[in-house]
Amino acid sequence: MQKFEKYYGHLLVVLCLLVHFLVLTHFGIRNLFDAVVYEREADFLFQSGRLEEADHIFYFVPIALIGFFKWISHGQIMPYLIFQMTISGLAMLSLYASSSRIFNSKLAGLISGSIFLLWWDNIHWNTTTMTESLLCSVTCFIVYYLTFFRNTFKEYGIVIVLLLIAFFIRPTGIVIILGTVAFFLSYHWSALKARPILKFFCIACIFFAGLLGASVMFSQWDFTDQLKRGNIVTYMDTIEGSTLYQESMHIKMTDEELSNSTKHPLFKMVLFVVHNPIHFLKTASLKIWYLISFYRPYYSTAHIFFSMSWTFLIYILFFFGFRNTLHPIKIFAATVIIVNCALIGMATVDWDNRFFIPMEPGIVLLAGGGGTLLYKRLISLRSK
């Protein structure tokens, strides 16, 4: 395998082109509900110079890019999709470089890049005007700079800019910010241990910044709405009686559980959990299960079997990759997974599991190392 290492990057580029050709051939250009909203908002922005909806500021980056590409191409959306797929290709190469560096093996990079491209449930977002593709790509770039981080002001500046971009691609960029903060705490932990006052100050600042961020998020979105409605998948209650309705994904509340009133959104969420712990734990655990398993009752049996088998394999590789490195990037990956799962537990999973995207780069990155370890062990067993 080593004599072909210099061709790994080229192989991934060819695979990238092939995968996107197949995705475009299979799906075409899809006018999904949110995609239509973003395109309409992009047109409004370039016509009026402002956003039609105030909360769309948290999606400003993709909206502005969609508007720009439609403006220069006289309303065509394909140039934007080509741009989005190109950025995703560069993101894949950054994962290849990151995984190769962390595990000191280009094979690890090849495995990470291949998983990234072949994970059909995630790669297909590159061919629609949603926010998931850009968020995933920018997260890969952040992972790259954290992997090669050398503690310079320039690199701090680049990471901060990328985090700001991620936050204004979609608000779940806050998950990536928290993961990056955890990375820097781990990166500087030895120095902080030697300075207890500085350590306390940093932790206090992070705590209050997190509290402020949570307050802003809960002010914009009422997470208790879907909880009260008992939805595991977003808006499942609105299709009750249709063929797509799944009773297992809609847990109705009793009247007694609805006693929860406060105006502050953060306290509203806390009190809801305190007053309804059984309902919250039951629904949260189901949401997290559906998020990480990729299982949906309305999928076909073949789809469920393939999706869960593929995902389970990646998790095994991730586990071994996580154990096989001391690089603080694994703290970033673990934090993103924990925080994202917690947010989904409070909110809902989506029909097509797009809320998984923030966790994907870290999982794929470390899965490359796990795949390399497994390959080496197989070769070792074969040579005995």
Side-chain angles (χ1 to χ4, degrees), residues 7-43 46 59 61-96 109-141 165-166 169-170 294 296 298-300 302-304 306-307 309-311 314 350-361 363-364:
Y7 299 112
Y8 286 173
H10 301 83
L11 178 62
L12 287 173
V13 170
V14 172
L15 182 61
C16 181
L17 293 171
L18 177 61
V19 166
H20 284 96
F21 172 77
L22 292 174
V23 173
L24 275 173
T25 303
H26 180 73
F27 289 116
I29 299 176
R30 291 163 293 160
N31 292 319
L32 304 177
F33 174 75
D34 284 350
V36 173
V37 172
Y38 296 138
E39 288 183 41
R40 186 181 68 236
E41 187 68 79
D43 292 337
F46 270 72
Y59 308 91
V61 171
I63 288 171
L65 285 171
I66 291 168
F68 172 74
F69 278 96
K70 289 187 74 175
W71 175 62
I72 64 173
S73 62
H74 306 289
Q76 299 299 311
I77 202 59
M78 195 60 198
Y80 172 75
L81 295 181
I82 292 173
F83 164 79
Q84 193 168 247
M85 289 184 282
T86 303
I87 293 298
S88 181
L90 293 174
M92 176 273 298
L93 290 175
S94 73
L95 272 184
Y96 165 72
L110 177 65
I111 294 172
S112 289
S114 299
I115 292 173
F116 182 82
L117 292 171
L118 297 175
W119 203 339
W120 188 268
D121 287 295
N122 296 324
I123 199 69
H124 76 87
W125 293 112
N126 291 346
T127 59
T128 185
T129 53
M130 302 278 276
T131 58
E132 281 66 34
S133 174
L134 281 181
L135 180 64
C136 185
S137 296
V138 171
T139 303
C140 290
F141 297 142
I165 292 172
I169 289 175
R170 61 180 295 112
F294 279 78
R296 293 292 187 279
Y298 42 78
Y299 287 171
S300 68
H303 188 166
I304 291 170
F306 172 79
S307 186
S309 299
W310 167 261
T311 307
I314 292 173
D350 207 14
W351 290 83
D352 39 33
N353 219 31
R354 60 196 176 106
F355 298 152
F356 183 89
I357 289 296
M359 305 189 297
E360 183 198 358
I363 291 173
V364 171

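Side chains are part of it too, since the values below use all heavy atoms of this structure and drop only hydrogens, waters and symmetry mates.
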Open item on the list: Quick check for you: to the nearest 0.5 Å, what is the distance between F294 atom CZ and H303 atom NE2?
Closed with: 9.5 Å
Open item on the list: Which residue is it: L17, V23, V19, L24? I am looking for the one with a side-chain contact (heavy atoms from CB on, under 4.5 Å) to M85.
Closed with: L24
Open item on the list: Quick check for you: to the nearest 0.5 Å, what is the distance between I357 atom CD1 and E132 atom CD?
Closed with: 6.5 Å
- [ ] Measure the spacing between CG of N126 and SG of C16 and express it to the nearest 0.5 Å.
- [x] 8.0 Å
TODO: Provide the full list of side chain to side chain donor-acceptor pair (under 3.5 Å) pairs with a residue in residues 68-77, sequence neighbours left out, each pair given once.
DONE: D43-K70
Task: Pair Y8 and Y96, ring centroids less than 6.0 Å apart - done: no
TODO: Evaluate the side-chain proximity of I82 to F69: yes if any heavy-atom separation is below 4.5 Å, no if none is.
DONE: no
TODO: State, to 0.1 Å, how close V364 and I115 come at their nearest heavy-atom pair, and which atoms those are.
DONE: CG2-CG2, 4.0 Å
Open item on the list: Quick one, P79 and I72 - any side-chain contact, counting heavy atoms below 4.5 Å?
Closed with: no
TODO: State, with a plain yes or no, whether a side-chain heavy atom of L134 is found less than 4.5 Å away from one of L65.
DONE: yes
Task: R296 side chain near N353 side chain, heavy-atom distance below 4.5 Å - done: yes
Task: Side-chain heavy-atom pair Q84, T129 within 4.5 angstrom cut-off - done: no
- [ ] Please report the shortest heavy-atom distance between A42 and G67, naming the atom on each side.
- [x] CB-N, 3.5 Å
Task: Closest heavy-atom pair and its distance - G109, L12 - done: O-CD1, 4.2 Å
- [ ] Determine, using ring centers only, whether F356 and W119 are less than 6.0 Å apart.
- [x] yes
- [ ] Nearest 0.5 Å please: distance from the CG atom of L81 over to the CD1 atom of I66.
- [x] 8.5 Å
Open item on the list: Can you tell me how far apart CG (D34) and CZ (R170) are? Round to the nearest 0.5 Å.
Closed with: 8.0 Å
TODO: Of all the heavy-atom pairs spanning C136 and P361, show the shortest one and how long it is.
DONE: O-CG, 3.9 Å
Open item on the list: A side-chain contact here means heavy atoms from C-beta on lying under 4.5 Å apart; do I87 and S133 qualify?
Closed with: no
- [ ] Identify the two heavy atoms, one from I304 and one from Y299, that lie closest to each other, and give their separation to 0.1 Å.
- [x] CG1-CB, 3.5 Å
Task: Within-4.5 Å side-chain heavy-atom neighbours: P358 and L135 - done: yes
- [ ] Could you tell me whether the side chain of T128 and the main chain of W125 form a donor-acceptor pair under 3.5 Å?
- [x] no
- [ ] Check the pair S307 / D121 against side-chain contact (heavy atoms from CB on, under 4.5 Å), numbers first and verdict last.
- [x] CA-CA 8 Å; S307 186; D121 287 295; 3.5 Å; yes
TODO: Check M92 against G113 and note the closest heavy-atom contact, atom names and distance.
DONE: CG-O, 3.8 Å
Task: Any side-chain heavy-atom pair of P62 and Y80 under 4.5 Å - done: yes
Task: Separation of H26 NE2 from H124 NE2 (nearest 0.5 Å) - done: 10.0 Å
